[in-house]
Trainee: 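The structure under discussion is supplied below as structure tokens; questions concerning it will follow.
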Amino acid sequence: MAGSTHLVTNQVPPLVGYDVFSADRALAAAVERHVEPDLRQEVLGELSALGRTSGSAQVQEWGAQANDNPPRLRTHDRYGHRIDEVEFHPAWHRLLGKGVSAGLTAAWGRPAGHLRRAAAFVVWTQVEAGNGCPLSMTHAAVPALRADPDLAAEWEPRLTSMVYDRELRPADRKAGALFGMAMTEKQGGSDVRANTTAARPLAEAGTYELTGHKWFCSAPMSDGFLVLAQAPEGLTCFLVPRVLGDGTRNVFRIQRLKDKLGNRSNASAEVEFDGTWARRVGEEGRGVRTILEMVAATRLDCVLGSAGLMRQAVAQAVHHCSYREAFGGKLVDKPLMRNVLADLAIESEAATTLALRLAAACDDGGEHERALLRIAVPAAKYWVTKRCPAVAVEAAECLGGNGYVEESGMPRLVRESPLNSIWEGAGNVQALDVLRALRREPGALDAYLREVGQARGADHRLDGAIKNLLTELADLEGVEGRARRLAERLALVLQGSLLVRFAPPQVADAFCAARLGGDGGAAFGTLPHTLDLAAVVERARPEHDPAS
């Protein structure tokens, strides 16, 4: 028959036209669990609306466009004037505007603000992860600025605004503002105390002139930046506005944009300060302590972002296998593929459940919750972000050769997946931060043990893992060389405790068997065959109407 070679069959419809939030049963359940009953309907409705936006074909296309058309640096205008501007594709601005209007910078002061924002961040990451960078830093700048009440009073209303104003003009003339950050330098990296950028005090109290080169400056088109520099009394935190109050541009020379593996929609730059005006944030010589408030919040966003990437990878894999037929049936019904999908699904659910528990702790603000965050955030940041690349690669393999093709969207997830492990302190930095919490803050370990202890007696494999962890914690001699192992065990035991308490029995059983009981292999798809894997996969399946 003429044209028969072009008959298209056994192809999977695109995963669009669905509610990204409601289709994620683990995420929706975590929100319901942690939000107060009187807020539940409001929060679930808000997140479902964002979920439908995120799952729409139009918004998904914006994500692809923003990555296919990365930002471009314009150092000068046509007349030779230095302007140091970054041009973005219109899709970037549409996405950033949607993110701001969805409250991704507005957690502070809202009821259940951190929880609802965390869930929204997981959802929005599944559209396009790059615009999460300025959204995350703007959100995280608030606690750092609170070190100076006057600065906080001036800037916090702008940063928590739900209005996206992209124009470069003085911040006091804008309905909303975004923040970036510039800490690392080429000679120091994570060792920010090696920074050489100099801050010279000016006549007006609290103002300085900065001179130096920053190796990584995130989101260089933001309205303000938190910057570390060496003042007379030591390393200090500063606020550098992009535009000064009189409308002139601050000295903010963008030397080049980084050519990155992933996160290509987002601009990361090298910048130079040369007589750049700045205001001090906090005390001189206390810069690391001041900016760590921002770092702690962005580290949690690394966990949330990785959870979102994993969820999207798993959703795409389960969706594909639910439609694709091979060897006489649907791929999802084949025992070996089902094992792979279930293994991916429990990793994704464990990440989401842990991330939302930590966000709820931020809302609580009590002593126990603050102590828990001190040890749980770096442990979670270490482990969840490490698992993300493995999940993304395995999920892409579930699509076979189709998963290696750009049109599938899976290569973008794979390229994005390592970023959160590197950003805001790579794995060794997180593991060492866990050790610092154990050594300097005994209340942190107490809070952690009380949290995981709530599930004691419910699963013998979890009980055994807690016992082994206590044995390891009892001997901290030479601990630095095994800090990664310790961080991993802390994260896994906490995930196991949460799943035993809150997840369906099939999910908790599979996690405890493979992750805590040793009944699983190094690769995905090695779960014990006696488990109810069909139920685990079904829970991970995104509800989708192919006609939408």
Side-chain angles (χ1 to χ4, degrees), residues 19-21 24 27 31 43 46-56 58-67 69-71 86 88-110 113-142 157-167 174-181 218-224 262-268 294 297-298 300-309 311-312 355 359 412 416 419-420 423:
D19 181 343
V20 174
F21 170 73
D24 186 346
L27 180 61
V31 172
V43 172
E46 174 185 299
L47 291 169
S48 183
L50 180 62
R52 292 190 298 273
T53 297
S54 301
S56 70
Q58 177 66 81
V59 172
Q60 291 287 333
E61 178 62 21
W62 290 347
Q65 289 173 347
N67 279 271
N69 299 275
V86 180
F88 293 88
H89 188 271
W92 166 266
H93 294 293
R94 296 186 187 110
L95 290 168
L96 201 48
K98 288 281 187 184
V100 171
S101 66
L104 286 167
T105 61
W108 309 96
R110 295 182 82 195
H114 291 284
L115 180 72
R116 69 208 300 177
R117 179 195 172 272
F121 199 86
V122 171
V123 169
W124 196 239
T125 296
Q126 298 180 57
V127 175
E128 201 287 307
N131 77 110
C133 177
L135 294 170
S136 176
M137 288 184 297
T138 301
H139 158 75
V142 171
R158 303 167 189 160
L159 301 185
T160 57
S161 168
M162 295 171 75
V163 177
Y164 174 52
D165 185 342
R166 59 184 279 193
E167 299 300 323
K174 299 187 67 169
L178 296 177
F179 246 55
M181 178 171 60
S218 299
M221 288 302 287
S222 298
D223 299 288
N263 201 251
R264 298 186 68 82
S265 69
N266 176 45
S268 300
M294 182 181 199
T298 51
L300 178 52
D301 276 2
C302 290
V303 181
L304 294 164
S306 291
L309 288 170
R311 169 56 192 171
Q312 181 58 203
R412 176 151 56 99
E416 190 72 29
L419 174 63
N420 287 319
W423 191 36

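Predicted model, so just to flag it, every value in this text is computed and none were measured.
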Trainee: Check step by step if salt bridge (charged side-chain N to carboxylate O under 4.0 Å, His left out) holds for Glu46 and Arg117.
Mentor: CA-CA 10 Å; Glu46 174 185 299; Arg117 179 195 172 272; over 6 Å; no

Trainee: Would you check if the side chain of Glu416 reaches a backbone N or O of Asn263 as a donor-acceptor pair within less than 3.5 Å?
Mentor: yes

Trainee: Which atom pair, heavy atoms only, marks the closest approach of Ala267 to Pro220?
Mentor: O-CD, 3.3 Å

Trainee: Which pair of heavy atoms, one from Ser265 and one from Pro71, lies closest together, and at what distance?
Mentor: O-CD, 3.4 Å

Trainee: Would you call Arg166 and Asp223 a salt bridge, taking side-chain N to carboxylate O under 4.0 Å as the test?
Mentor: no

Trainee: Evaluate the side-chain proximity of Leu135 to Trp124: yes if any heavy-atom separation is below 4.5 Å, no if none is.
Mentor: yes

Trainee: For Ser222 and Gly224, indicate whether the former's side chain and the latter's backbone hold a donor-acceptor pair under 3.5 Å.
Mentor: no

Trainee: Pick from Thr138, Thr105, Val142: which one makes a side chain to side chain contact (heavy atoms under 4.5 Å, CB included) with Thr160?
Mentor: Val142

Trainee: Look only at the side chain of Asp24 and the backbone of Val20, and say whether a donor-acceptor pair between them is shorter than 3.5 Å.
Mentor: no

Trainee: Parallel, tilted or perpendicular: which one describes the rings of Trp108 and His139, with boundaries at 30° and 60°?
Mentor: parallel

Trainee: With a 4.5 Å heavy-atom cut-off, do Val31 and Leu47 have their side chains touching?
Mentor: yes

Trainee: Could you walk me through whether Arg52 and Ser48 pass the side chain to side chain donor-acceptor pair (under 3.5 Å) test, one step at a time?
Mentor: CA-CA 6 Å; Arg52 292 190 298 273; Ser48 183; 2.9 Å; yes

Trainee: Is the side chain of Glu128 donor-acceptor paired with the backbone N or O of Asn131 at a distance under 3.5 Å, no angle test?
Mentor: yes

Trainee: With a 4.5 Å limit on heavy-atom distance, are the side chains of Ser54 and Gln126 in contact?
Mentor: no

Trainee: Using side-chain contact (heavy atoms from CB on, under 4.5 Å) as the criterion, list what pairs up with Asp165, not counting sequence neighbours.
Mentor: Glu167, Arg169, Lys174

Trainee: When rounded to the nearest 0.5 angstrom, what is the spacing between NE2 in His89 and CD in Gln65?
Mentor: 5.0 Å

Trainee: To the nearest 0.5 angstrom, please state how far the CG atom of Leu309 sits from the CG atom of Leu304.
Mentor: 11.0 Å

Trainee: Measuring only between side-chain heavy atoms, which start at C-beta, is Ser136 closer than 4.5 Å to Phe179?
Mentor: no

Trainee: Of all the heavy-atom pairs spanning Arg412 and Val127, show the shortest one and how long it is.
Mentor: NH1-O, 3.4 Å

Trainee: Just so I know, are the side chains of Phe21 and Val122 near enough to count as touching, which here means a heavy-atom distance under 4.5 Å?
Mentor: no

Trainee: Where is the tightest heavy-atom contact between Trp423 and Cys302, given as atom of each residue plus distance?
Mentor: CE3-SG, 3.6 Å

Trainee: If every non-hydrogen atom of Ala102 is compared with every non-hydrogen atom of Met162, which pair is closest and at what distance?
Mentor: C-CE, 4.1 Å

Trainee: Looking only at heavy atoms, which two atoms of Met221 and Val86 are closest? And how far apart?
Mentor: SD-N, 3.3 Å

Trainee: If you measure from OG on Ser306 to CG on Asp301, what distance do you get to the nearest 0.5 Å?
Mentor: 10.5 Å

Trainee: Quick one: does Leu27's side chain get under 4.5 Å of Arg311's, heavy atoms only?
Mentor: no

Trainee: Return all side-chain donor-acceptor pairs below 3.5 angstrom for residues 94-101, not counting sequence neighbours, or 'none' if the list is empty.
Mentor:
from, atom 1, to, atom 2, distance (Å)
Ser101, OG, Gly97, O, 3.2
Ser101, OG, Lys98, O, 3.0

Trainee: Distance-only, no hydrogens or angles: does the Thr125 side chain make a donor-acceptor pair with backbone N or O of Phe121 under 3.5 Å?
Mentor: yes

Trainee: What residues form a ring-ring contact (aromatic ring centres under 6.0 Å, His included) with Trp62, not counting sequence neighbours?
Mentor: none

Trainee: CG of Leu178 to CZ of Arg158: how many Å apart, nearest 0.5 Å?
Mentor: 12.5 Å

